[in-house]
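A quick write-up on the structure given underneath.
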Amino acid sequence: MQSLELESDQPFSLHHTLNCGQVFRWDFREGWWHGIVGDRALKIRQDGDTLTWNGADEEFIRAYFQLDLDLPKITGSFDRDPFIHAAIGRCRGLRLIRQPRWECTISYICATNSNIPMIRKRIELLARALGTKFTFEGKPYFGFPSPDAIAGCCNATLTECKMGYRASYVLDTACRLARVNDWERGISESQYDDARRTLMQLKGIGPKAADCILLFAFQKFEAFPIDVWIRRIMQEQYLNGSAASRTLCRDAEIQKFARDHFGPYCGYAQEYLYGARLG
DNA sequence: AACCAGGTCATGA
DNA sequence: TCATGACATGGT
């Protein structure tokens, strides 16, 4: 077991960070958050300014939870209206996570047109079917399947994982990326627009999934994923006033507004809006 | 029983 | 470039 003391001027909330819908393989049980990240399992808890965990070194924890970033500076940069101000207050300490790139990519293909419990079930079934089994604190876990593991399976296997029509998307993307050496580097080194276009050439990745992947796995904070919730919030709160009188506007317009209004960290702002969405 | 969920794709104008 | 409908699945 290891621990660290958070800096007093750098807010962090494990609960908001893991509960805001950006990751799908974390569970809160008996006072601990239990998670599977790529091929490792870990558990972690927060008591005030103390983080205690098992299953990773401190370097991993700091990187994974973005403890190296100046959060007040980030939230301050987009704290520009009463609505986002309230969301920042409600989700105080929420940090974006640095997700494994491959896992994040497949996860958000699995996420389309589904609710969060269904996404979680799908990914768990996928890991059980094709992931590597290992033991952590005496219990069995399944890591996230490698590109080769998915690329080598058949459509029926993925259908058994409740992928529905996404099965062929997952398989196709796995086959493509499995043959490319270090595909992440090209995305990582590209500007946001180019990276987004490249990702969208993969089956099952449209504008929304691409933005989630760029935001959560490539730290391109200018990405502003628009799902049904964010679309609703943006139209009601920022674009056209009341729900009754609003006229619909395109996602591209919403995105432009978001980047102009919230600035270069608008992706971070998006996650605060999403995290605070249930009132 | 329709409708919805962290949407995307194929089609047709 | 844009609307429109289909699409697997499970919950409400």
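Residue numbers start from 1 in every chain, and the chains themselves are labelled A, B, ... in the order their sequence lines are given, proteins ahead of strands.
Electrostatic pairing of A:D251 and A:K208 does not count as a salt bridge here, judged by no charged N lying under 4.0 Å from a carboxylate O. Note on A:E124 versus A:R120: no salt bridge recorded, every NZ/NE/NH1/NH2 to OD/OE distance being 4.0 Å or above.
With C:dG10, B:dG6, C:dA8 as the choices, the nucleotide that has an atom nearest any side-chain atom of A:M118 turns out to be C:dG10. Residue A:K208 places its side chain closer to B:dG7 than to any other of B:dA5, B:dG7, B:dA10. Closest to the A:N115 side chain, of the nucleotides C:dT9, B:dG7, B:dA5, is B:dA5. Listed candidates were C:dC7, B:dG6, B:dC9. Nearest to the side chain of A:Y169 is B:dC9. You'll find that the side chain of A:P207 is closest to B:dT8, out of C:dA8, B:dT8, B:dA5. For A:Y165, taking side-chain heavy atoms from C-beta onward, the closest of the listed nucleotides B:dT8, B:dG7, B:dA5 is B:dG7. Nearest nucleotide to the side chain of A:K121, out of B:dA10, C:dG10, B:dG6: C:dG10. For A:N113, the side-chain atoms get nearest to B:dA5 when compared with the rest of B:dA5, B:dT8, B:dG6.
For A:R277 and A:Y274, the positive end sits near the middle of the six-membered ring, less than 6.0 Å away and at most 45° from its axis. A cation-pi arrangement is absent between A:R122 and A:F24, since the terminal nitrogen or guanidinium carbon is not both under 6.0 Å from the aromatic centre and inside a 45° cone about the axis.
Rounded to an integer number of Å, the gap from NZ of A:K203 to C1' of C:dC7 is 15 Å. Regarding A:I116, its CD1 atom lies at a distance of 14 Å from the C1' atom of B:dG7, rounded to whole Å. Between A:Q255 atom CD and B:dG7 atom P the separation is 14 Å, expressed in whole Å. In this entry the distance linking CZ of A:F24 with P of B:dG6 reads 9 Å, nearest Å. The distance from atom CZ of A:R166 to atom P of B:dA5 is 14 Å, rounded to the nearest whole Å. What separates CD1 of A:I226 from P of B:dT8 is a distance of 11 Å, to the nearest Å. Summarising the geometry, the separation between CG on A:D251 and C1' on B:dG6 is reported as 13 Å, rounded to the nearest angstrom. In this entry the distance linking CD1 of A:I123 with C1' of B:dG6 reads 11 Å, nearest Å.
At least one side-chain heavy atom of A:R95 sits under 4.5 Å from a side-chain heavy atom of A:Q10.
Residue A:R250 places at least one side-chain N or O closer than 4.0 Å to OP1 or OP2 of C:dA3. At the phosphate of C:dG10, neither OP1 nor OP2 sits under 4.0 Å from any side-chain N or O atom of A:R120. For A:K162 and C:dG10, the shortest distance from a side-chain N or O to OP1 or OP2 is below 4.0 Å.
B:dG6 and C:dC2 have their C1' atoms separated by 24 Å, given to the nearest Å. Between C:dA8 and B:dC4, the two C1' atoms lie 14 Å apart (nearest whole Å).
A:A195 and A:I187 make their closest contact through CB-O, 3.7 Å (heavy atoms, listed as atom of the first residue, atom of the second, distance).
Across all strands, A:G21 comes closer than 4.0 Å to base atoms (heavy-atom distances). Across all strands shown, A:R122 has no heavy atoms under 4.0 Å from either base or sugar-phosphate atoms. Residue A:I205 is classed as a sugar-phosphate contact, given heavy-atom separations below 4.0 Å to backbone atoms only. A:C20 comes within 4.0 angstrom of a nucleotide base, judged by non-hydrogen atoms across all strands. Within 4.0 Å (heavy atoms only), A:A167 reaches no atom of the nucleic acid at all. If you check every strand for non-hydrogen atoms under 4.0 Å, A:L158 touches nothing.
At most 12 non-hydrogen atoms from other residues, nucleotides or ligands lie less than 6.0 angstrom from OH of A:Y265.
Across all strands shown, C:dA8 has no partner, as no Watson-Crick or G-U wobble contact with both distances under 3.5 Å is found.
A stacking contact links A:Y274 to B:dG6: the aromatic ring centre lies within less than 5.5 Å of the base's six-membered ring centre, and the planes differ by less than 30°.
Nearer to the 5' terminus of DNA chain B, by closest-nucleotide assignment, is the contact made by A:D227 (compared with the other of A:L202 and A:D227). Taking the nucleotide of DNA chain B with the nearest heavy atom to each of A:I119 and A:M200, the more 5' of the two is matched to A:I119.
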